[in-house]
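Shown below is the structure under consideration.
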Amino acid sequence: YPTWKRTLARRAREAQVKRFCKAQAIQRRLEEIEVTFRELEQQGIKLEKLLRDENGSPTDQQTLWTNQLLYLVQKKNSLMNEESDLMIAVQELKLEEQQCQLDQKLRSCMNKDESLKTPEDYRAEQEILKQLMEVVNKRNVLIHIQEEKRLSEL
């Protein structure tokens with residue numbers, strides 16, 4: 001087993017572990033966002049009830065409640081944006097994993113001695129290459145979506 005093959009296998013495992021850790025962090029953050037959504041929803045319901053029930057309360061108090069409600073809406077919107085970004089990151093991780101697997105398959109096909117390759121091997125190699133290009137194009141689309149989103153936020 002040549003050194004370069006061991007090195008490639010080790011790097012692939014390291015990249016896989018890195019993607020796994022990133023996926024776990026994203027999942028934790030998505031769960032935190034979900035909990036925060038529920039808390040914001042409860043706070044918003046309380047504020048709405050106060051605004052509807054307290055018609056006789058001072059204008060300053062109603063203004064304060066309205067501002068708090070608007071703040072909650074703004075916070076919820078920012079969390080929704082973050083959640084959207086995280087979902088794009090999840091898709092990107094999946095595509096990255098697919099690309100890594102296809103790279104490994106392609107390398108193993110290409111490392112086979114040319115004199116031993118059958119027409120099926122060549123077709124399999126072409127199919128893997130086609131799938132790899134599709135994954136790369138999907139990742140490119142995600143990058144464009146992120147870039148457009150970033151530019152619209154500016």
Side-chain angles (χ1 to χ4, degrees), residues 1-49 51 65-154:
Y1 208 63
T3 305
W4 66 271
K5 284 186 179 181
R6 284 194 306 261
T7 302
L8 283 176
R10 180 178 43 81
R11 285 185 182 159
R13 281 191 308 274
E14 288 171 356
Q16 188 176 20
V17 167
K18 186 177 178 182
R19 283 190 300 274
F20 180 73
C21 290
K22 190 173 180 181
Q24 282 184 321
I26 289 172
Q27 185 61 39
R28 273 192 305 273
R29 183 61 188 142
L30 285 171
E31 290 169 1
E32 290 171 1
I33 288 173
E34 188 63 35
V35 169
T36 307
F37 271 151
R38 280 190 236 116
E39 291 171 358
L40 291 175
E41 189 71 30
Q42 293 302 318
Q43 291 174 5
I45 290 170
K46 288 178 186 174
L47 285 171
E48 278 186 59
K49 284 181 181 177
L51 281 169
W65 290 335
T66 304
N67 287 340
Q68 287 175 341
L69 191 60
L70 290 174
Y71 172 76
L72 292 178
V73 169
Q74 185 180 28
K75 193 168 181 178
K76 185 175 179 182
N77 286 341
S78 71
L79 285 174
M80 287 176 68
N81 281 338
E82 184 181 355
E83 183 180 41
S84 171
D85 290 342
L86 290 172
M87 295 308 290
I88 290 172
V90 166
Q91 290 175 337
E92 194 171 347
L93 281 174
K94 286 179 183 177
L95 290 173
E96 198 175 313
E97 179 67 28
Q98 276 184 300
Q99 184 177 350
C100 184
Q101 291 171 357
L102 290 169
D103 278 341
Q104 289 175 345
K105 283 183 184 178
L106 187 61
R107 278 200 174 96
S108 67
C109 287
M110 294 178 92
N111 286 334
K112 192 173 185 180
D113 192 358
E114 289 293 323
S115 61
L116 300 175
K117 286 186 180 180
T118 64
E120 290 82 27
D121 291 333
Y122 285 111
R123 280 194 289 276
E125 199 173 299
Q126 290 301 314
E127 182 61 31
I128 292 170
L129 198 55
K130 180 182 165 191
Q131 290 173 355
L132 189 58
M133 290 304 297
E134 288 173 4
V135 168
V136 168
N137 287 335
K138 287 178 184 177
R139 287 184 72 190
N140 191 34
V141 167
L142 286 178
I143 290 170
H144 283 297
I145 289 170
Q146 286 176 322
E147 185 63 20
E148 287 176 9
K149 191 173 178 190
R150 185 186 68 80
L151 290 174
S152 70
E153 288 173 358
L154 293 177

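Given the structure is predicted, the values throughout are model-derived calculations rather than measurements.
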* Are more than 12 heavy atoms from other residues, nucleotides or ligands located less than 6.0 Å from atom NZ of Lys117? -> yes

* Would you check, one step at a time, whether the test side chain to side chain contact (heavy atoms under 4.5 Å, CB included) holds for Val141 with Ile145? => CA-CA 6 Å; Val141 167; Ile145 289 170; 4.0 Å; yes

* Asked: Measuring from Leu79:CG to Arg29:CZ, what's the distance to the nearest 0.5 Å?
  -> 6.5 Å

* To do: Answer yes or no: are there more than 12 heavy-atom neighbours, outside Gln74 itself, under 6.0 Å from its atom CD?
  => no

* Report the residue from Gln98, Glu92, Gln99, Glu97 that forms a side-chain contact (heavy atoms from CB on, under 4.5 Å) with Leu95. => Gln98

* **For Lys22, salt bridge (charged side-chain N to carboxylate O under 4.0 Å, His left out) partners two or more places apart** => none

* Once you round to the nearest 0.5 Å, how far does CD1 of Ile33 lie from CG of Leu86? -> 5.0 Å

* Donor-acceptor contact present, side-chain Asn137 to main-chain Met133, <3.5 Å -> yes

* Sequence neighbours left out, what passes side-chain hydrogen bond (donor to acceptor under 3.5 Å, both in side chains) with Tyr122? Give chain and number order. => Glu114

* Checking side chain to side chain contact (heavy atoms under 4.5 Å, CB included) for the pair Arg11/Thr7: CA distance, chi angles, key distance, verdict? -> CA-CA 6 Å; Arg11 285 185 182 159; Thr7 302; 3.8 Å; yes

* Sequence neighbours left out, what passes salt bridge (charged side-chain N to carboxylate O under 4.0 Å, His left out) with Asp85? Give chain and number order. => Lys149

* Determine, step by step, whether Glu41 and Ile45 satisfy the side chain to side chain contact (heavy atoms under 4.5 Å, CB included) criterion, reporting the C-alpha distance in whole Å, the side-chain angles of both residues, the deciding distance to 0.1 Å, and the verdict. => CA-CA 6 Å; Glu41 189 71 30; Ile45 290 170; 4.3 Å; yes

* Presence of salt bridge, Glu14 and Arg10, under 4.0 angstrom -> yes

* Asked: Is the backbone N or O of Thr118 less than 3.5 Å from a side-chain atom of Asp121, with the two atoms forming a donor-acceptor pair by type?
  -> yes

* Under-4.0 Å salt bridge between Glu147 and Arg150 -> yes

* **Greater than 12 external heavy atoms within 6.0 Å of Lys112's NZ** => yes

